[in-house]
Amino acid sequence: MAPRRDTGERPGAAFERVPALDGLRAVAVLAVLAFHGGLSGALPGGFLGVDTFFVLSGFLITSLLVAEWAARASLDLGAFWARRARRLLPALVLLLVGVAIWTRLFAGATLAPELRLDELSTLFYVANWHFIAAGSHYFVQTGPPSPLLPTWSLAVEEQFYLLWPLVVLAVLRRSRTLWPLLGVAATGAVASALEMALLVRPGATTRVYFGTDTHAQSLLVGATAAVAVALWRQHHRAGRAGHVASSRARRLLGSLALLGAIGTALLWWRLSAQDLWTFQGGIGLAALASAAVIVPATLAPAGLVARLLRWSPLRALGQVSYALYLWHYPFDLWLTHADTGLFGWPLLGVRTAVALLVATASTLLVEQPLRAGRLLRSLRAWVLGPAALTATAVLVVAVTAVPVSAAPIPSALPRWPPTPSGPPVRVLLVGDSVALTLGLTLLPYQGRADVAITDAGLLGCGVAEGNLIRLHGQVDQVAGPGPGGTGAPGTCRVPPGPGGETWAAYWRQRMAQVHPQVVVLLAGRWETLDRTTPAGRWTSILDPSYQAYLRRMLQQAVQVATGQGARMVIETSPCFDTGEQPDGAPWPSDDPRRVALYNQLVEEVAAEHPGTVTVQHLHALVCPDGRYEASIDGVPIREVDGIHFTYQGPPDAGTVLAPLLLPLWYRLGAAVYLSAPAGR
């Protein structure tokens, strides 16, 4: 989304500025700010403000192109693209430089490399496809989100600006009338909406939401409205202003605008990213509702809705809405409860005030002076524009570079016990992605303890099964079914095998391959999330009935892991810190009470199997006194997502944990060796 105002650069175009549209920009950007700032519960469809901007952009750009064609019977595409660059690049470059510098100074070198691709893809307007490829999720965040995530919409818009003028030029050259262009725009909008509806799946909305092809529908609705307005003016031989003269027509347009405003408000209030219907027609309907406000504001600016949108504070806010959209999300992430001590409305107010101050300065001191001067005009844009892009890209790469250095390993770390002399103990590590990263960080150290680790951790695979989960306030799947499988939503990503696609079948399959003496289970992350029961009721580990279910699943895990004579180690779940909710409150999934309840269940189930199951207190090792710690003795042990273990050292989590965890695994496995029948 790129909210911005039209400033009158219209060679040969008879297209007059519409003041009410600035007010509409303000309303749209406020909806987006509310959605991102912690009011998504009160305004779950606030993200649809992006589609209002898309409709506005499609309407204004197409109006300019059609007006220029009407005046000159041609389109100067070079000048068109130069004007786009002059209007959009200065503020965007300022944002990218600011985010890169802030990240390096205050977030440390850990986040800088991850931000580099975000910055470069934003600079070259392909951020939407970058976020799709990276697996980013606009509605569900499992770790620190990128401050540039909302720039996906700028990419969609700029790709539209690149392609749509070519389509307009080709159609108008061939037909010399606007009717075929109306058909192309309307058909494209319908096709895009249908594609989104057909491709969307439960818990998998990122591709259709970020995709240029699927989200072009709103831009094309605006383009259709622009061509329709131009045709009306041609038919009625309207004057330069092009306003309707008939009182009856004005009343009809006034009613249409009122319906559009009410429809927009209802959709923002009622639609949610959790509802498939939002992507199966809801976004298209929101675009039509916005168009129903824009067209009357253009043809009958004296109407009630248009007069309300012309309110001077709204117009002033609309004139800085582009920069405000760019800057609001970084400040949502940078100004936290931990920094300010604020929650809810006060925190949103501070964030908005700071973002508005920066946006106003950006507009008045950077954007407007560059637009008013001759910088980046005409042919000079083809020299200065690429030069600015290149300079920004070089700066981004330089700022996000991490010096290559061999970090010293602190001497205060745990000491290894004497190296055992027996045969290597075969260890099978199972569980979710936290277990997977634990295995990765321990593998380089397995020889020190004479263990052979098979890391069988799987994304989303704890011991809880099936159904949907609620992650950071949004409904999502734990992961999709395994390759070729037909698992239900919420099942973990288990490779298909002869025993089915459950974690129990997968464990048996790997045990038959490895023949472990020790099976280590690390779970707890997915078990502490809100989840639906088979009956569709939301529950969590705070519910005694769900605790009873998890107890049964842990008992099943023990039966599977020890069924071939192996000893079992159950690790207590570490604590988690995935940041704050948009309103500054902690996420329920990080609640220490939930982790404590899961670990209590682990202790109770292990006590039922003395001599077979051992509890290893990983929680106590990585969360001293129950507090989340990102590093121990200067060694980073947790990734920036606040969930997983670091494994790209040394030093990394294995530097700290290997001497504390692996000796127990060896001792238990060695005991199995000693008790095994001869020849086994």
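Below, all heavy atoms of this structure are taken into account, side chains as well, without hydrogens, waters or symmetry copies.
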Quick check: His215 with Phe54 (ring centres under 6.0 Å apart)? yes
Using the side-chain contact (heavy atoms from CB on, under 4.5 Å) rule, take Asp51 and Ser290 through it: C-alpha gap first, then chi angles, then the decisive distance, then the call. CA-CA 8 Å; Asp51 290 275; Ser290 296; 6.0 Å; no
Work out which heavy atom in Ala297 is nearest to a heavy atom in Val18; give both atom names and the distance. O-CG1, 3.4 Å
What class does the angle between the rings of Trp152 and Tyr209 fall in, given that below 30° is parallel, 30 to 60° is tilted and above 60° is perpendicular? tilted
How long is the straight-line distance from NE2 of His130 back to CG of Leu149, given to the nearest 0.5 Å? 9.5 Å
Stepwise side-chain hydrogen bond (donor to acceptor under 3.5 Å, both in side chains) check, Glu157 with Ser57: CA-CA 8 Å; Glu157 230 178 49; Ser57 295; 2.6 Å; yes
Side-chain donor or acceptor of Thr151 paired with backbone N/O of Leu148 under 3.5 Å: yes
With Leu75 via side-chain contact (heavy atoms from CB on, under 4.5 Å) - residues at least two apart: Leu65, Glu68, Trp69, Leu77, Val168, Leu169
Please test Val66 against Val229 for side-chain contact (heavy atoms from CB on, under 4.5 Å), starting from the C-alpha separation and ending with a verdict. CA-CA 10 Å; Val66 168; Val229 168; over 6 Å; no
Could you tell me the separation between the CG atom of Leu115 and the CH2 atom of Trp102, rounded to the nearest 0.5 Å? 10.0 Å
Which residue is it: Arg233, Gln234, His235? I am looking for the one with a side-chain contact (heavy atoms from CB on, under 4.5 Å) to Leu231. Gln234
Side-chain (Glu580) to main-chain (Ala338) donor-acceptor, under 3.5 angstrom: yes
With the side chain counted from C-beta on, respond yes when Leu333 and Pro145 share a heavy-atom pair under 4.5 Å apart, and no when they do not. yes
Mind checking side-chain hydrogen bond (donor to acceptor under 3.5 Å, both in side chains) for Thr336 and listing every partner two or more places apart, or none if nothing turns up? Asp339
Just checking, Arg84 and Phe80: is the charged tip under 6.0 Å from the six-membered ring centre and within 45° of the axis? yes
Partners of Arg307 by salt bridge (Lys or Arg N to Asp or Glu O under 4.0 Å), sequence neighbours excluded? none
Can you see which heavy atom on Pro296 is nearest to which on Leu256, and at what distance? CG-CD2, 4.0 Å
Spatial distance of atom OG (Ser246) from atom CG (Leu252) [nearest 0.5 Å]: 8.0 Å
Which residues pass the side-chain hydrogen bond (donor to acceptor under 3.5 Å, both in side chains) test with Thr62, not counting sequence neighbours? Trp164
Which heavy atom in Pro586 sits nearest to a heavy atom in Gln581, and how many Å separate them? O-NE2, 2.7 Å
Would you indicate whether the side-chain heavy atoms of Trp345 and Asp583 approach each other to under 4.5 Å? no
Partner set under side-chain contact (heavy atoms from CB on, under 4.5 Å) for Val200, not counting sequence neighbours: Thr205, Val208, Leu276, Phe279, Gln280
Within the 4.5 Å heavy-atom criterion, are Val32 and Phe47 side-chain neighbours or not? no
side-chain contact (heavy atoms from CB on, under 4.5 Å) filter on Leu271, not counting sequence neighbours, yields Leu48, Leu267, Trp277, Thr278
My understanding is that only residues two or more places apart in sequence, or in another chain, count here; which of them pass side-chain hydrogen bond (donor to acceptor under 3.5 Å, both in side chains) with Thr212? Asn128, Trp129, Gln159
Salt bridge (Lys or Arg N to Asp or Glu O under 4.0 Å) partners for Asp213, two or more places apart: Arg207
Hey, does Thr52 have a side-chain heavy atom less than 4.5 Å from the side chain of Trp268? yes
Are any of the side-chain heavy atoms of Thr298 and Phe59 separated by less than 4.5 Å? yes
Who are the side-chain hydrogen bond (donor to acceptor under 3.5 Å, both in side chains) partners of Thr224, not counting sequence neighbours? none
What distance do Arg351 atom CZ and Leu356 atom CG have between them, rounded to the nearest 0.5 Å? 15.5 Å
Is the distance between the ring centroids of His328 and Phe331 less than 6.0 Å? no
Quick one: closest heavy-atom pair of Ala300 and Arg250, and the distance? CB-CG, 4.4 Å
Quick one: does Thr187's side chain have a donor or acceptor within less than 3.5 Å of a partner on Val184's backbone? no
Correct closest heavy-atom pair for Leu348 and Gly37 would be CD1-CA, 3.7 Å
Nearest 0.5 Å, what's the CG-CZ distance between Leu324 and Arg25? 13.5 Å
Is it true that a side-chain atom of Glu119 and a backbone atom of Ala100 form a donor plus acceptor pair closer than 3.5 Å? yes
As a quick check of understanding, evaluate side-chain contact (heavy atoms from CB on, under 4.5 Å) for Asp118 and Val99, giving each step before the final call. CA-CA 11 Å; Asp118 297 350; Val99 168; over 6 Å; no
Sub-4.5 Å side-chain heavy-atom contact between Leu172 and Leu178: yes
Leu162 versus Glu158: any side-chain heavy-atom pair under 4.5 Å? no
Close side-chain approach of Leu309 to Val293, heavy-atom, < 4.5 Å: yes
Checking Thr122 against Leu154 for the side-chain contact (heavy atoms from CB on, under 4.5 Å) test, could you report, in this order, the C-alpha distance in whole Å, the side-chain angles of both residues, the deciding distance, and whether it holds? CA-CA 8 Å; Thr122 297; Leu154 274 70; 5.7 Å; no
Under 3.5 Å donor-acceptor, Ser192 side chain and Thr214 backbone: yes
Main-chain N/O of His36 paired with Tyr329 side-chain donor or acceptor, under 3.5 Å: no
Which heavy atom of Ile132 sits nearest a heavy atom of Thr206, and at what distance? CG1-O, 4.3 Å
Can you tell me how far the CG atom of Leu314 sits from the CG atom of Asp22, to the nearest 0.5 Å? 10.0 Å
Quick one: side-chain contact (heavy atoms from CB on, under 4.5 Å) partners of Leu94, sequence neighbours excluded? Trp327, Ser362, Val366
